[in-house]
Novice: 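Pasting a structure here, questions to come.
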Amino acid sequence: MRAPGSGPGCGQGRDAVRLIGPIGTTASKQPPPARPVTANYPVTNSPVVPLATRRQIGRALLRWYKEHQRDLPWRKSGDPYAVWVSEIMLQQTRVESVREYYRRWMLAFPSLDLLAAASEQDVLRRWQGLGYYSRARNLHRAAQMVVAEWGGKLPKLPKELQRLPGIGPYSAGAIASIAFRQDVPIVDGNVVRVLCRLFALDTDPTRAPLKNTLWEIAESLIVKGQAGAFNQALMELGALVCTPQKPRCSDCPLSRVCEAHRLNRTASLPALPKAAAVTRVRNIAVVATRRSRVLVVQRPQDARRWPSMWEFPNMDVLTKTQIPSTINKLLAPLGLEIQDRKALMSFHHAVTRYRIEVEAFAATKISGKLRPRSAARWVHPDDLEELPMPAAQRRIARALEKSDL
DNA sequence: AACGCGTGGGT
DNA sequence: TACCCAAGCGT
């Protein structure tokens with residue numbers, strides 16, 4: 001996607017030229033322009049919405065938003081840091097999942113400076129369970145950069161914001177428009193869905209040229225001076241009304257001008273690519289116990305998944321694996337050996353495109369001594385709560401609290 | 001440009 | 001059960 005705000009004001013000088021549907025039927029016979037009016041954008045055959053229709057959409061959307069917007073905590077304060085935190089948490093994550101994390105995060109790190117001063121373990125601990133942990137690490141790192149390079153104040157321009165780790169085109173546009181009142185567009189999954197349906201755009205919106213076109217259209221629709229509200233209105237409509245399945249067209253303020261609705265094509269738009277195929281995996285985890293303490297290992301800082309987080313020794317295995325030898329393989333590198341084991345629990349969960357069957361075993365009668373300076377530690381079960389752990393590992397840890405070991 | 005990164009909830 | 005995801009980003 002193009003960086004928001006990288007082009008000139010989109011509305012200016014743009015004539016209504018080509019329409020996709022009955023919106024502005026008066027102009028629909030006119031031919032497309034020889035080249036795009038906005039030269040900074042890649043050449044596309046994008047539909048250009050006539051000014052009258054753009055105004056109509058903007059007004060209708062803002063009116064609807066005023067009445068139907070959800071009461072969300074990050075909409076209360078005008079603090080750019082609060083907006084930033086919420087936008088990062090909301091990346092690929094549902095509002096309902098974010099609410100509680102956001103609340104606790106703002107209690108733990110009420111300001112950008114306090115976040116910058118926090119330890120990475122503390123940051124990961126507050127984020128654990130929310131997923132996509134690089135978001136937390138990037139947010140932390142970016143806060144330190146803002147302190148060092150911007151005097152502790154977030155920059156206002158999308159281009160500047162995008163230099164911070166974790167802030168891409170969408171988040172830069174969101175922060176700039178919502179927190180700093182800049183008239184810049186955003187395109188997220190909701191906006192993609194709403195615009196693809198509104199104008200019946202049926203090519204893949206995740207790839208050029210439609211990807212770029214959507215930024216153009218989003219920019220052209222902005223109600224000047226109210227980009228923050230308008231952008232949120234567009235997303236809110238996508239979240240509450242123009243939903244992926246069973247859109248509530250009868251409640252939609254734009255249904256009268258919506259091409260997908262008119263053509264009865266809402267179900268097939270947007271034309272997203274198929275999701276990656278699921279791979280099944282089995283995972284063996286060991287809870288080694290000695291003198292009321294359990295063994296946990298910290299993942300390396302440069303691990304692809306869950307870097308710096310803690311877990312019980314575990315590994316993915318082929319379906320035919322022998323359990324005793326697997327457990328031995330897990331503990332031997334740490335200098336430990338076990339005589340006895342029993343099944344503790346088993347469950348499945350999903351990680352990105354993997355479907356994982358986890359089998360946890362309890363190991364007792366441990367012999368050998370933990371290698372010094374290995375990333376492993378014996379901890380009391382009550383202290384597991386302090387360590388950032390991936391969700392599946394946390395699930396094992398919680399089961400431990402309830403049992404007597 | 002395509003792929004990997006998490007998780008819990010809805011249908 | 002088996003998908004489909006949800007306010008994207010980094011590489």
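Not measured: the values here are computed from a predicted model. Every chain is numbered from 1 and lettered A, B, ... according to where its sequence line falls, protein lines coming before strand lines.
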Novice: Distance check needed: C:dC9 P versus A:Ile186 CD1, whole Å only.
Specialist: 11 Å
Novice: Grab the CD-C1' distance between A:Glu87 and C:dA6 for me, whole Å please.
Specialist: 13 Å
Novice: Scan A:Arg163 against the nucleic acid and name what it touches under 4.0 Å (heavy atoms): base, sugar-phosphate only, or nothing.
Specialist: nothing
Novice: Give A:Ser86 one of three labels, base, sugar-phosphate or nothing, depending on what nucleic acid heavy atoms sit under 4.0 Å from its own.
Specialist: nothing
Novice: For A:Tyr354, is the NZ or CZ atom of A:Arg305 found under 6.0 angstrom from the centre of its six-membered ring and inside 45 degrees of the ring axis?
Specialist: yes
Novice: So, is A:Trp306 close to the B:dG4 phosphate, meaning a side-chain N or O under 4.0 Å from OP1 or OP2?
Specialist: no
Novice: For C:dG8 and A:Gln92 - does any side-chain N or O of the residue sit under 4.0 Å from the phosphate oxygens OP1/OP2?
Specialist: yes
Novice: Tell me, do A:Leu295 and A:Leu336 make a side-chain contact under 4.5 Å, heavy atoms counted?
Specialist: yes
Novice: Describe the nucleic acid contact of A:Gly238 in one word from base, sugar-phosphate, nothing, applying a heavy-atom distance below 4.0 Å.
Specialist: nothing
Novice: If you pin A:Arg207 and A:Met389 to their nearest nucleotides in DNA chain B, which one's is more 5'?
Specialist: A:Arg207
Novice: Do any side-chain nitrogens or oxygens of A:Tyr133 fall under 4.0 Å of OP1 or OP2 in B:dT7?
Specialist: yes
Novice: Using the P atom on both, measure B:dG8 against C:dC9 and round to a whole Å.
Specialist: 23 Å
Novice: Checking all strands, does A:Leu130 fall into the base, sugar-phosphate, or nothing category for heavy-atom contacts under 4.0 angstrom?
Specialist: base
Novice: So what does A:Leu72 touch, heavy atoms closer than 4.0 Å: a base, only the sugar-phosphate, or nothing?
Specialist: base
Novice: Among the nucleotides C:dC9, B:dT7, C:dC5, which one has an atom lying closest to any side-chain atom of A:Leu272?
Specialist: C:dC5
Novice: On DNA chain B, check which nucleotide each of A:Lys246 and A:Tyr354 is closest to and give me the residue with the more 5' one.
Specialist: A:Tyr354
Novice: Please figure out whether A:Asn138 or A:Trp74 has its closest DNA chain C nucleotide nearer the 5' end.
Specialist: A:Trp74
Novice: Please, which pairs that meet salt bridge (Lys or Arg N to Asp or Glu O under 4.0 Å) have at least one residue in residues 183-204 of chain A, sequence neighbours excluded?
Specialist: A:Asp202-A:Arg265
Novice: May I ask you to say what A:Ala350 touches in the nucleic acid, namely base, sugar-phosphate or nothing, with a heavy-atom cut-off under 4.0 Å?
Specialist: base
Novice: Under the salt bridge (charged side-chain N to carboxylate O under 4.0 Å, His left out) rule, what do A:Glu160 and A:Arg163 come out as? Steps first, then yes or no, please.
Specialist: CA-CA 5 Å; A:Glu160 299 166 335; A:Arg163 281 191 227 125; 5.5 Å; no
Novice: Hey, which sits more toward the 5' end of DNA chain C by its nearest nucleotide, A:Arg94 or A:Arg141?
Specialist: A:Arg94
Novice: So if I take every side-chain heavy atom of A:Ala391 and compare against B:dT7, C:dG10, B:dA2, which nucleotide ends up nearest?
Specialist: B:dT7
Novice: Rounded to whole Å, please give me the gap between NE2 in A:His349 and P in B:dG6.
Specialist: 12 Å
Novice: Within the structure shown, what part of the strands sits under 4.0 Å from A:Arg70 by heavy-atom distance: base, sugar-phosphate, or nothing?
Specialist: base
Novice: Across the strands shown, which category fits A:Thr93 at heavy-atom distances under 4.0 angstrom: base, sugar-phosphate, nothing?
Specialist: base
Novice: Within the pair A:Arg135 and C:dG10, is there a side-chain N or O less than 4.0 Å away from OP1 or OP2?
Specialist: no
Novice: Calculate the interatomic distance between A:Tyr101 atom OH and B:dG6 atom P; express it in whole Å.
Specialist: 13 Å
Novice: Regarding A:Arg353, tell me which of base, sugar-phosphate or nothing describes its non-hydrogen contacts under 4.0 Å with the strands shown.
Specialist: sugar-phosphate
Novice: Can you measure A:Trp127 atom CH2 to B:dT7 atom P for me and round it to whole angstrom units?
Specialist: 13 Å
Novice: How far, in whole Å, is C:dG8 from B:dA1 if one measures between their C1' atoms?
Specialist: 16 Å
Novice: Relative to the ring of A:Trp105, is the ring of A:Phe109 parallel (under 30°), tilted (30 to 60°) or perpendicular (over 60°)?
Specialist: perpendicular
Novice: What residues, two or more places apart in sequence or in another chain, satisfy side-chain hydrogen bond (donor to acceptor under 3.5 Å, both in side chains) together with A:Arg59?
Specialist: none
Novice: When you measure from the side chain of A:Pro165, which nucleotide among C:dC5, C:dG10, B:dG6 comes out closest?
Specialist: C:dG10
Novice: Whole-Å distance between C:dT11 P and A:Asp302 CG?
Specialist: 14 Å
Novice: Identify which nucleotide among B:dG6, C:dC3, C:dA6 has an atom closest to any side-chain atom of A:Arg280, counting heavy atoms from C-beta outward.
Specialist: C:dC3
Novice: Please check the phosphate of C:dA6 (OP1 and OP2 only) for any side-chain N or O of A:Ser97 closer than 4.0 Å.
Specialist: no
Novice: Could you state the atom-to-atom distance from CZ of A:Arg394 to C1' of B:dT7 in whole Å?
Specialist: 15 Å
Novice: Give the rounded distance in Å between these two atoms: CD of A:Glu96 and C1' of B:dG9.
Specialist: 11 Å
Novice: In this structure, is the centre-to-centre distance between the rings of A:Trp127 and A:Tyr101 below 6.0 Å?
Specialist: no
